Amino acid sequence: MITIFLGILLTILVFTFIVFVHEMGHFLTARFTGMKVEEFGIGIPPKAKSLGKDKKGTEYTLNWLPIG
């Protein structure tokens with residue numbers, strides 16, 4: 001039972017990491033090409049917590065379903 005739970009948890013963590021790296025690629029490409037990025041959020045909205053803003057106006061957020 002514990003092995004199944006750990007397997008599911010590890011799968012979710014790995015998937016979240018892969019999605020984060022993928023979305024970071026979009027973010028960095030937009031910045032590199034001069035596009036304004038209004039929000040970079042971790043997870044599926046709605047927004048749960050704002051983590052702050054940077055000098056360029058990008059708001060970093062943590063959303064209610066942090067899986068992608």
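All of these numbers come straight from a predicted model, not from anything done at the bench. Side chains included, hydrogens not; waters and symmetry mates left out as well; all remaining heavy atoms used.
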query = Taking the hydrophobic residues Ile, Leu, Val, Met, Phe, Trp and Tyr, and joining any pair whose side-chain heavy atoms are under 4.5 Å apart, which ones share a cluster with L10?
reply = V14, I18
query = Of all residues at least two apart in sequence or in a different chain, which pass the side-chain contact (heavy atoms from CB on, under 4.5 Å) check with A48?
reply = W64
key: Separation of L13 CG from L6 CG (nearest 0.5 Å)   = 10.5 Å
message = Once side-chain hydrogen bond (donor to acceptor under 3.5 Å, both in side chains) is applied, do any residues pair with E39, and if so which ones, sequence neighbours excluded?
response = T61
ask   = With sequence neighbours left out, what residues match K47 under side-chain hydrogen bond (donor to acceptor under 3.5 Å, both in side chains)?
value = E59
inquiry  = Suppose we screen for side-chain contact (heavy atoms from CB on, under 4.5 Å). Which residues come up paired with I8, at least two apart in sequence or across chains?
reply    = I4, I12
request  = Identify, with sequence neighbours excluded, every residue that meets side-chain contact (heavy atoms from CB on, under 4.5 Å) alongside K56.
outcome  = R31, D54
ask   = So, for V37 and T58, which heavy atoms are closest and what is the spacing to 0.1 Å?
value = O-OG1, 2.7 Å
request  = With side chain to side chain contact (heavy atoms under 4.5 Å, CB included) as the test, would you mind laying out the steps for I44 and N63 before giving the verdict?
outcome  = CA-CA 6 Å; I44 300 170; N63 298 318; 5.6 Å; no
ask   = side-chain contact (heavy atoms from CB on, under 4.5 Å) with M24: which residues, sequence neighbours excluded?
value = F20, F27, L28, F40
message = Quick check on the hydrophobic clustering: are Y60 and M35 connected, directly or via other members, by side-chain heavy-atom contacts under 4.5 Å?
response = no
inquiry  = According to salt bridge (Lys or Arg N to Asp or Glu O under 4.0 Å), does anything in residues 5-20 pair up with another residue at least two apart or in another chain? List the pairs.
reply    = none
